[in-house]
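Quick caveat, the model's predicted, so the values are computed rather than measured.
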Amino acid sequence: MSTVDRRALVARHSPVVSGIGARSPLSVGNGELCFTVDITGLQSIPAAYPLAGRYGGADGTMLGTQAQWGWHSSPGPYSDKDLLGSLREYRTPHGPVPYVDMHEEVDPHDGTPAERWLRANPHRLDLARVSLVTLADSSVEAIGPDRISAPHQRLDLWSGVLESTFDLDGHRVDVTTACHPQLDMLAVRVRAAQPLAGRLAVRLAFSYGSEDWSNAAGWAHRDAHTTRLDAGFPDHHIERRLDDSRYAVTLAAPASTVVQSAAHEVVVGNDGKSLDLVVGFAAEHSRRRLPSVEDVLGASREHWPRFWMSGAAVELAQSKDRRAPELERRIVLSQYLTAIQCAGSMPPQETGLTANSWRGRFHLEMHWWHAAHFALWGRAGLLERSLGWYFSALPAAQETAQRQGLQGARWPKQVGPNGRESPSSIGPFLLWQQPHPIYLAELVRRAAPDARSARRVVERYYPIVEQSASFMSDVVAAGEGGYELGPPLVPAQESYAATRADARNPTFELAYWSWALDVACRWRRLHGGEPDPRWAEVSRGMARPRIRNDTYAALDVAPYTVRTDHPSMLYALGFVPPTPLIEPDTMRRTLYDVLSDWEWDSTWGWDFPAIAMTAARVGEPGIAVDALLMPVAKNRHLPNGHNFQTGSLPLYLPGNGGLLAAVALMAGGWDGAGGGSAPGFPQDGSWTVRHEGFVRSP
């Protein structure tokens, strides 16, 4: 029986909105499809929720409708073969090696035309803008913020149903919004207390794609795509074509009229005060009958209680520390946000399925931060949805390794669904994403409910572990102090990108290499294979990190430590479990040193839970909690739970996922932490941590 009243825990953190929160819109979703809305429960006033552009690109909106499968490529005379034109040789311990480089990437006009196209394509697409409008005679009138008053909105986390109430032109309107938990379908129910001067209707508007960094919709290119409505009974079908991209939208709107009001607009309306609408999205046309609004609402109300009752829970309500309610709020909302944004069939982009960043492409070094927590919270199946994507990316990763004269698979950094690396002066030189599939697979294995299930996990993911480890054991080079990494490389702390040709032996990556190869050795035995002596030799023989002034340096070469961006040397013990390479006392001194004067405005949202994990492992639980709640700009969590970074990154899901991973370690414990409860929280009586269901961290 649960020791935590989960329903009460979730209910007290259901977001309530009473105005236009420009940075904090609410979303419904299922991991594959996400729909982010304004105060009307739809996407009626997108300009009120701006997403700042970058590099001269147009501003976008946070009100997106995105799916894992929804991508577009602009026409261009380029193909994946043009990637080879970006190859530039670097001196390595293995001889000259080609990398997919790019001299500069500060401005969108930098690089060759092929490089610019390859960085921008494919890009994630905003599938539709679904808004509330009014109909007056034959005209469709948009709803502006000036027509809305007395708004009240509540997202019921226990049911996944969003209820929005407001006055439109002085008349009360209620809108109910939900996403089907298994199907890419939205349900919308509109109710008006009395007829308005202009009849209520719902408009679906469709855009072209965009190569802008943060904008998923290109509204200016009206002639570059087609929208065709096939009005029928009982469902209506919309065919969308954008160059080589196709997708379908199906509408179920009983007792309503569905018309194509413009080239790329479809309006659903009727003569009454109520409107029920189900919108289905699919990569291909299907004549499958859509469920009713009530069916979708019912499916949502059945699914979300099961989600909340599964896996782990943590409650902090009885704590004396005044910060406990805020930490508990962040924990609950982060579970919901990562479930609807990060639990799909591909690794998510850093802004999930809400809005674009880096043109919607995902970053594999962030995959751990998005999704590792699912396994630690006892929901490993949600992680496995995206972990399987590595099989589809394997051929491209093997090709990269082969081109560099190495065995195995070299996983890229910034990619789309095809797994192709993007030209960059940073991404192709990163290494710390390489062990991630091993770590993630190990977490899934540890979360298996029994030995038979654990064996199935090993059988399924061993090829990915093997290919990852083969590259890791081959890319190192023997040096005087042991096996070394680089040059060239860019460490997790990307402050050293300009010196990538000479960078060597970052502390974090050295420890990560040692630990992950040791895990790979265990997996090889579990899989029934003979031990690989090379893997074991490299794991035991990695060079020791440089120590300067009794603390770990970031790199083994000058400038050694730059005090901006990620303090990644801390993560060699924290994110990375203990290894013979790292001395806990030296790491504790390094922690104190970082906290004394790091440039916090340059950090990122996942740094704070990462610091918390280090503090917990070196016996500083007070610092661990302080790190989770550090009052700095990049560690803010908005009313909707999102981790705000900047105007162009108003949400940052690695911060949410990282928080959950840190809490799992701090509450659920880790190997070697002993049998005490919540070892990562202070034991002085200031924190009462009721928890259950966690999988012990490595």
Side-chain angles (χ1 to χ4, degrees), residues 26-37 40-44 63-70 126-133 155-156 159-164 173-192 199-206 227-240 247-261 265-304 340 353:
L26 301 177
S27 303
V28 294
N30 60 18
E32 284 292 307
L33 175 75
C34 185
F35 183 59
T36 301
V37 304
T40 69
L42 296 173
Q43 300 165 332
S44 310
L63 308 185
T65 308
Q66 296 194 345
Q68 295 286 0
W69 46 262
D126 194 338
L127 299 177
R129 182 162 298 166
V130 186
S131 57
L132 196 65
V133 296
L155 173 59
D156 181 12
S159 68
V161 175
L162 176 67
E163 300 284 358
S164 307
V173 177
D174 299 303
V175 178
T176 302
T177 315
C179 179
H180 196 287
Q182 286 85 38
L183 306 173
D184 292 348
M185 295 179 185
L186 303 172
V188 177
R189 172 168 285 165
V190 182
R191 297 288 185 267
R199 291 181 287 114
L200 283 174
V202 173
R203 177 175 60 191
L204 289 85
F206 302 98
T227 303
R228 187 174 68 85
L229 171 66
D230 180 9
F233 182 83
D235 297 340
H236 309 267
H237 302 274
I238 301 170
E239 179 184 12
R240 292 277 296 135
Y247 69 97
V249 183
T250 306
L251 309 179
S256 297
T257 301
V258 178
V259 298
Q260 186 159 357
S261 57
E265 294 182 3
V266 172
V267 173
V268 182
N270 57 38
D271 293 329
K273 297 185 296 184
S274 64
L275 187 153
D276 276 12
L277 172 65
V278 174
V279 186
F281 297 91
E284 297 178 351
H285 271 290
S286 171
R287 292 293 174 175
R288 175 180 179 176
R289 178 80 181 271
L290 293 184
S292 67
V293 166
E294 199 57 48
D295 289 338
V296 175
L297 294 175
S300 183
R301 289 168 178 147
E302 289 179 5
H303 166 79
W304 283 102
I340 68 170
L353 295 171

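- In this structure, Cys34 and Gln66 have side chains that are not in contact, with every pair of non-hydrogen atoms separated by 4.5 Å or more.
- The shortest heavy-atom contact between Pro181 and Ala299 is CG-O, 3.5 Å.
- Judged by distance alone, with hydrogens and angles left aside, the side-chain atoms of Ser44 form a donor-acceptor pair with the main-chain N or O of Leu132 at under 3.5 Å.
- When atom types are taken as modelled, the side chain of Ser256 and the backbone of Val268 share no donor-acceptor pair closer than 3.5 angstrom.
- Proximity of Thr176 to Val161: side-chain heavy atoms (C-beta onward) are separated by under 4.5 Å at one or more points.
- The distance from atom CG of Leu26 to atom OG1 of Thr36, rounded to the nearest 0.5 Å, is 9.0 Å.
- Among all heavy-atom pairs drawn from Gly64 and Asp126, the shortest one is CA-OD2, 3.8 Å.
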Arg301 vs Glu294, test: salt bridge (charged side-chain N to carboxylate O under 4.0 Å, His left out). Steps then yes/no. CA-CA 10 Å; Arg301 289 168 178 147; Glu294 199 57 48; 3.6 Å; yes

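- Nearest heavy atom pair, residue Ser159 against residue Ser300, reads O-OG, 2.6 Å.
- Of the possible donor and acceptor atoms, one in the side chain of Gln68 sits under 3.5 Å from a partner among the backbone N and O of Gly31.
- Note that the NE2 atom of His237 and the CG atom of Leu290 stand 7.5 Å from one another [nearest 0.5 Å].
- With hydrogens and angles disregarded, a donor-acceptor distance shorter than 3.5 Å links the side chain of Gln43 to the backbone of Val130.
- Closest non-hydrogen pair, Ala231 versus His236, comes out as CA-ND1, 3.5 Å.
- Rounding to the nearest 0.5 angstrom, the gap separating the CG atom in Leu229 from the CG atom in Leu251 is 7.5 Å.
- Counting heavy atoms from C-beta on, the side chains of Leu353 and Phe35 never come closer than 4.5 Å.
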Just do the side chain to side chain contact (heavy atoms under 4.5 Å, CB included) check on Arg289 and Asp235 with the steps written out, would you? CA-CA 7 Å; Arg289 178 80 181 271; Asp235 297 340; 3.6 Å; yes

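- Gln260 places a side-chain N or O within 3.5 Å of a backbone atom of Thr227 that can act as its donor or acceptor partner.
- Remark: Ser292 OG to Asp276 CG distance equals 8.0 Å, nearest 0.5 Å.
- Put simply, the side chain of Asp156 does not reach to within 4.5 Å of the side chain of Glu163, judged on heavy atoms.
- Atom CZ of residue Arg199 and atom CG of residue Asn270 lie 7.5 Å apart, to the nearest 0.5 angstrom.
- The two residues Gly29 and Ile340 come nearest to each other via the heavy atoms O-CG2, 3.4 Å.
- Under the side chain to side chain contact (heavy atoms under 4.5 Å, CB included) rule, Val293 has a single partner from Leu186, Leu275, Val278, which is Val278.
- Under the side chain to side chain contact (heavy atoms under 4.5 Å, CB included) rule, Arg189 has a single partner from Val296, Thr177, Leu297, Leu277, which is Leu297.
- To the nearest 0.5 angstrom, Asp174 atom CG is 11.5 Å from Lys273 atom NZ.
- Here the closest heavy-atom approach between residue Trp69 and residue Asp184 is recorded as NE1-OD2, 2.9 Å.
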